[in-house]
*Asks:* 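Structure below; questions to follow.
Just so it is clear: chains get the letters A, B, ... in the order the sequence lines come, proteins before strands, and each one is counted from 1. Atom set for the values below is all heavy atoms of this structure, side chains included, hydrogens, waters and symmetry mates excluded.
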Amino acid sequence: MSLVATRFAPSPTGPLHIGGIRTALFNWLFSKNNKGKFYLRIEDTDKERSKEEYKNQIIQSLQWIGIRHDDKEYIQSEKIKLHKEIAEELLKKGFAYKCYCSEEEIKEQKEKAKKKGIPFVYNRKCRDPKKLEVPKNVNPAIRFKSKMSGNTIIKDLVQGEINISNFIIEDFVILRKDGTPTYHLSAVVDDHTMNISHVIRGDDHKINTFKQKQIYEAMNWKLPNFAHIPLIHSQSGSKLSKRDKASTVDDYIKLGILPDTLRNYLLRLGWSHKDKEIFNLEESIELFDLKGIGKSPSKLDMSRILSLNEHYIKHMDEKELFEFLKDFCKKFEKKINSSKEKTLLKSMHFLKNKAKTLDDIYQNAQYILSDIINISSEDSKLLDVASKKILKDFLSDYEKMTKITKESLEKIVNRLIDKHKTNFKGIGQPLRVALTGSKFGPGLFNIILSLDKDETIKRLKLIK
RNA sequence: GGUCCCAUCGUCUAACGGUUAGGACAGAUGGUUUUCAAUCAUCUAAUCGGGGUUCGAUUCCCCGUGGGACCGCCA
C-alpha cells in the first residue's frame, strides 16, 4: 500500500474558519491514523486578497488545536511557473485552447443565461480554431477543452458514487488573461506533485472534482482518492458565514474554550464512533476513519461546546489549566497581578469545578485578583445591623485562630449559629458579600482558606 | 431556474433487514447543598409524507416534500 498523504489547502484571505479547521482536523487525523503525511498548502494565488498575516494566523490556529504539518508549508504562488508549463503542455496536446472573448461578452452571456433561467456555460466560441478570429493586442485566456458528451462518475469515499453528465461542465479557464493559473489547474498540479493520496475537503468542492478529474486524465496522472465532507451549518441552517457570532477559531479562543474541547467537538460533528463522546488526542488518531463520517450537514451547538469545555476544564491538571488561564488572560488583556498568582494556582482545584470557560474561572477569581471589593447597593442590604454584629464576632474569633482549616472554621461558624440563633445562610451570605463583594461564587470555606489571613481581616474590618 | 447531495428526539448522533429505536447536549421534576454552579435520581422527546420489495423496512427501490451545495478569468 502506498503512503497516505493528505493536505489542508486554505487561502490566506481571512482568519481560519471553524469549518476550515475541521477539514484540517479530518485530514490530519486520517493521515496520522494511516501513519502518513499531512501537508499544509497555502493557496495564495489571489494576490489581491491574500495576506501574510492571515497565513501566520492560520498556522497559529492549527498549532493551537494541536495540528502540526509535515515539512515546510507549500506556498502555491511559488509554483506558478510549473502551473504555467502544464497549461502550455495541455495547450500543445490539444486539451486546451486560447480564448479571446472579452469580459463584456462573457458577462452578456451570463445575463442571458440568468434571464432564461438556465445555468451559465461558456458558449465555447473559441473552441474551434478554424472559426476563430484572432483579435490584435488581446491576450488570450486558456480554457480547458471539456468533454461534451458522456458521463463522469466520481467514487467519493464519503458520498459514494456521484454521476454527472459531462455536458454541464464548461470549458473552464486554467490560465487567466494575465497569465496566472486558476485554482483548478494549480490545485491539480500541486496535489500531483505533492503525491497527495487523499483529498479530503468540504462538500462545496464536489462539483470541482469533475473539472479536475479531466485535467488528471489529460495529463495521464493518477487520480487521488476524494472524500467530500458535509459542511457545518449555523443555527439558522445555512452555510456558516462571517456574520455568525462565533465563526473563527479565534472567536472560540476568546470565549475561553480549550483546544481539546474544540478538537473533540469538531471530531464528533459529522463523525462518530459508536456511542463514544469523549476522545482524547490519542484516541482521535487511533479511531478516526472515513467510514464514520456522516453524509448530512450538521449544525453548530454552542451549549454542547460549553458542556464539553466544562468537562475538559474539570479533568485537566491544575497546573496545566493554570497555564492555559494565564495565556488566556494575557492574550485578552485581563490582568493578573503576579503577586496573586500563587493564590490563584492554589485555588484552581475548586475554581475549575464551577466553570464552563476560562473566562468563568477568571470571573470567579475576581475576589482574589482584585484588591478592591465593590459591594452593590442591593448586596449591601445583606449587611444590616444584625449581620454586622455577626461579622464582628467572626472577626474576633478568626483573628485568634492559629491554624485555619475547614474544620476549625466550621467550629467557629457553628458556634456563631448558636449564639446568634441563625442558620448557616445567616452567616454565610454576609460573610461572602464582605469578602468577595458578591452573593455568588465558590464555596465560602474555599474563599476563606484561599485568602491570606491579613487580607481576610482587612476586608472584614472594612465593614462598619 | 439547472445540476448534484442530504433527511432518526430541539441539537449531535447509534442501531449485519428482526432492539421496547440507544447514547450525549439542551429541557423538566425531585434529592443533596452556605449562594451560583456542580452532583445524584427520574422524566419528556425522533425514524419527513406516500407508494413498493420483503414473513418483517429507520435500514433497499421509486415518487413527493423539505433543507443544502454549486452554477467566477475567487479559492
*Asks:* Now, which nucleotide makes the Watson-Crick or G-U wobble pair with B:U54, with each of the two distances under 3.5 Å?
*Replies:*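 Paired with no nucleotide.
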
*Asks:* Would you indicate, yes or no, if B:U13 has its OP1 or OP2 atom less than 4.0 angstrom from a side-chain nitrogen or oxygen of A:Ser298?
*Replies:*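 So the side-chain polar atoms of A:Ser298 do come within 4.0 Å of the phosphate oxygens OP1 or OP2 of B:U13, strictly under.
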
*Asks:* May I ask you to decide if A:Thr357's main-chain N or O and A:Asp360's side chain share a donor-acceptor pair within less than 3.5 Å?
*Replies:*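 Side chain of A:Asp360 to backbone of A:Thr357: a pair is present.
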
*Asks:* Is any side-chain N of the basic residue among A:Arg304 and A:Glu277 closer than 4.0 Å to the acidic one's carboxylate O?
*Replies:*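 Answer for the salt bridge query: yes.
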
*Asks:* For atom C1', what is the distance between B:A15 and B:U20, given to the nearest Å?
*Replies:*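 Those two atoms are separated by 14 Å.
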
*Asks:* Without decimals, in angstroms, what is the distance between A:Asp156 CG and B:C4 C1'?
*Replies:*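 Answer to the nearest Å: 12 Å.
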
*Asks:* In Watson-Crick or G-U wobble terms, both distances under 3.5 Å, what is the partner of B:A38?
*Replies:*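 Pairing partner, where one exists within any strand: none, as none qualifies.
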
*Asks:* Take the protein atom CD of A:Glu105 and the nucleotide atom P of B:G72, then report the distance between them rounded to whole Å.
*Replies:*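 It works out to 17 Å between those atoms.
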
*Asks:* Does A:Arg41 pair with A:Asp190 as a salt bridge, N-O distance under 4.0 Å?
*Replies:*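 A salt bridge is present here (some side-chain N lies under 4.0 Å from a carboxylate O).
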
*Asks:* Here's a test of your reading of the structure: between A:Ser272 and A:Ser307, which maps to the more 5' nucleotide of RNA chain B?
*Replies:*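 It is A:Ser272 whose nearest nucleotide is closer to the 5' end.
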
*Asks:* How far, in whole Å, is B:C48 from B:U8 if one measures between their C1' atoms?
*Replies:*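 Here B:U8 and B:C48 have their C1' atoms 10 Å from each other.
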
*Asks:* C1' atom, B:A57 versus B:C16: distance in rounded Å?
*Replies:*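 One C1' to the other, the span is 14 Å.
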
*Asks:* May I have the distance from A:Phe172 (atom CZ) to B:C71 (atom P), rounded to whole angstrom?
*Replies:*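 After rounding, the gap between these two atoms is 14 Å.
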
*Asks:* With both distances under 3.5 Å as the test, what is the Watson-Crick or G-U wobble partner of B:C73?
*Replies:*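 WC or wobble partner does not exist here.
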
*Asks:* Between P on B:G2 and CZ on A:Phe210, what's the gap in Å once rounded to a whole number?
*Replies:*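 Roughly 19 Å, once rounded to whole Å.
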
*Asks:* Could you measure between the two C1' atoms, the one in B:U19 and the one in B:U35, and give it in whole Å?
*Replies:*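 Nearest-Å result for B:U19 against B:U35 at atom C1': 45 Å.
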
*Asks:* Is it true that A:Asp171 and A:Arg127 have a side-chain N and a carboxylate O under 4.0 angstrom from each other?
*Replies:*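 Result for this pair is yes, salt bridge flagged.
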
*Asks:* On a whole-Å scale, what distance lies between the C1' atoms belonging to B:A37 and B:C70?
*Replies:*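 My reading of the C1' atoms in B:A37 and B:C70 gives 47 Å.
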
*Asks:* Is A:Lys55 salt-bridged to A:Glu52, going by a charged N under 4.0 Å from an acidic O?
*Replies:*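 Yes, A:Lys55 and A:Glu52 are salt-bridged.
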
*Asks:* When the P atoms of B:A38 and B:A45 are compared, how many Å lie between them, rounded to an integer?
*Replies:*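 Roughly 24 Å separates the two P atoms.
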
*Asks:* Salt bridge or not for A:Lys51 and A:Asp44, using N-O below 4.0 Å?
*Replies:*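 Result for this pair is no, no salt bridge flagged.
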
*Asks:* Between B:C62 and B:G22, how far apart are the C1' atoms? Round to whole Å, please.
*Replies:*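 Roughly 30 Å separates the two C1' atoms.
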
*Asks:* With the side chain of A:Ile164 defined as its heavy atoms from C-beta on, choose the nearest nucleotide among B:C73, B:U3, B:C70.
*Replies:*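 So the side chain of A:Ile164 is nearest to B:U3.
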
*Asks:* What I want to find out is whether A:Glu88 reaches A:Lys84 closely enough, with some N-O distance under 4.0 Å, to be called a salt bridge.
*Replies:*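 Not counted as a salt bridge, because no side-chain N and carboxylate O are separated by less than 4.0 Å.
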
*Asks:* What nucleic acid atoms does A:Ser186 come within less than 4.0 Å of, heavy atoms only: base, sugar-phosphate, or nothing?
*Replies:*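 No contact.
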
*Asks:* Which of the following nucleotides, B:C73, B:C25, B:G68, is nearest to the side chain of A:His233?
*Replies:*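 Side chain of A:His233 sits closest to B:G68.
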
*Asks:* Taking atom C1' in both B:G30 and B:A24, compute the distance separating them and give it to the nearest angstrom.
*Replies:*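 Straight-line distance between the two C1' atoms is 22 Å.
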
*Asks:* Considering every strand shown, what is the Watson-Crick or G-U wobble mate of B:C16 when both distances are under 3.5 Å?
*Replies:*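 With both distances under 3.5 Å required, B:C16 matches none.
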
*Asks:* Determine all donor-acceptor pairs shorter than 3.5 Å in which one atom belongs to a side chain in residues 437-448 of chain A; sequence neighbours excluded.
*Replies:*
from: A:Ser438; atom 1: OG; to: A:Phe440; atom 2: N; distance (Å): 3.0
from: A:Ser438; atom 1: OG; to: A:Phe440; atom 2: O; distance (Å): 3.1

*Asks:* Would you indicate what A:Leu300 reaches in the nucleic acid, counting non-hydrogen atoms under 4.0 angstrom: base, sugar-phosphate, or nothing?
*Replies:*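 Result for A:Leu300 = nothing.
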
*Asks:* Send over the distance from A:Lys299 NZ to B:U13 C1', rounded to a whole Å.
*Replies:*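 My rounded result for the distance is 14 Å.
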
*Asks:* Restricting to nitrogen or oxygen on both sides, can you table the protein-nucleotides 5-8 of chain B pairs closer than 3.5 Å?
*Replies:*
from: B:C5; atom 1: O4'; to: A:Lys206; atom 2: NZ; distance (Å): 3.3
from: B:C5; atom 1: O2'; to: A:Gln159; atom 2: OE1; distance (Å): 3.2
from: B:C6; atom 1: OP1; to: A:Lys295; atom 2: NZ; distance (Å): 3.0

*Asks:* Go ahead and name the base partner of B:C43; Watson-Crick or wobble counts if both distances stay under 3.5 Å, otherwise write none.
*Replies:*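 B:G27 is the nucleotide pairing with B:C43.
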
*Asks:* Would you say a side-chain N or O of A:Thr182 is under 4.0 Å from OP1 or OP2 of B:C74?
*Replies:*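 False: A:Thr182 side-chain N/O out of range (4.0 Å or more) of B:C74 OP1/OP2.
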
*Asks:* Strictly by Watson-Crick or wobble contacts shorter than 3.5 Å, is anything paired with B:A7, and which nucleotide is it?
*Replies:*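 Check on B:A7: paired to B:U65, both distances under 3.5 Å.
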
*Asks:* Counting only side-chain N and O atoms of A:Arg268, is one of them less than 4.0 Å from OP1 or OP2 of B:G23?
*Replies:*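 Checking A:Arg268 against B:G23: no side-chain N or O falls below 4.0 Å of OP1 or OP2.
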
*Asks:* Nearest whole angstrom, please: distance from the C1' of B:A26 to the CE of A:Met302.
*Replies:*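 In whole Å, B:A26 C1' and A:Met302 CE are 14 Å from each other.
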
*Asks:* Just checking, is any N or O donor in the side chain of A:Asn264 or A:Tyr312 under 3.5 Å from an acceptor N or O on the other one?
*Replies:*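 Side-chain D/A pair, A:Asn264 to A:Tyr312: present.
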
*Asks:* Using a strict cut-off of less than 4.0 Å between a Lys/Arg side-chain nitrogen and an Asp/Glu carboxylate oxygen, indicate whether A:Arg49 and A:Asp46 qualify as a salt bridge.
*Replies:*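 Looking at A:Arg49 and A:Asp46, the cut-off is met.
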
*Asks:* Flag the pair A:Lys125 and A:Glu105 as a salt bridge only when some basic side-chain nitrogen lies within less than 4.0 angstrom of an acidic carboxylate oxygen.
*Replies:*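 Looking at A:Lys125 and A:Glu105, the cut-off is met.
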
*Asks:* Could you state the CG-P distance from A:Leu267 to B:A24, rounded to the nearest angstrom?
*Replies:*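 To the nearest whole Å, that distance equals 18 Å.
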
*Asks:* Which parts of nucleotides 32-43 of chain B does protein reach within less than 4.0 Å, heavy atoms only, written one letter per nucleotide 5' to 3' as B for base, S for sugar-phosphate only and - for none?
*Replies:* --BBB-SS----

*Asks:* Does a salt bridge link A:Lys147 with A:Glu217, judged by any charged N lying under 4.0 Å from a carboxylate O?
*Replies:*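 Judged by the 4.0 Å cut-off on N to carboxylate O distance, A:Lys147 and A:Glu217 do form a salt bridge.
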
*Asks:* Could you tell me how far apart A:Glu277 (CD) and B:A14 (C1') are, to the nearest whole angstrom?
*Replies:*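 Rounded to the whole Å, the gap is 10 Å.
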
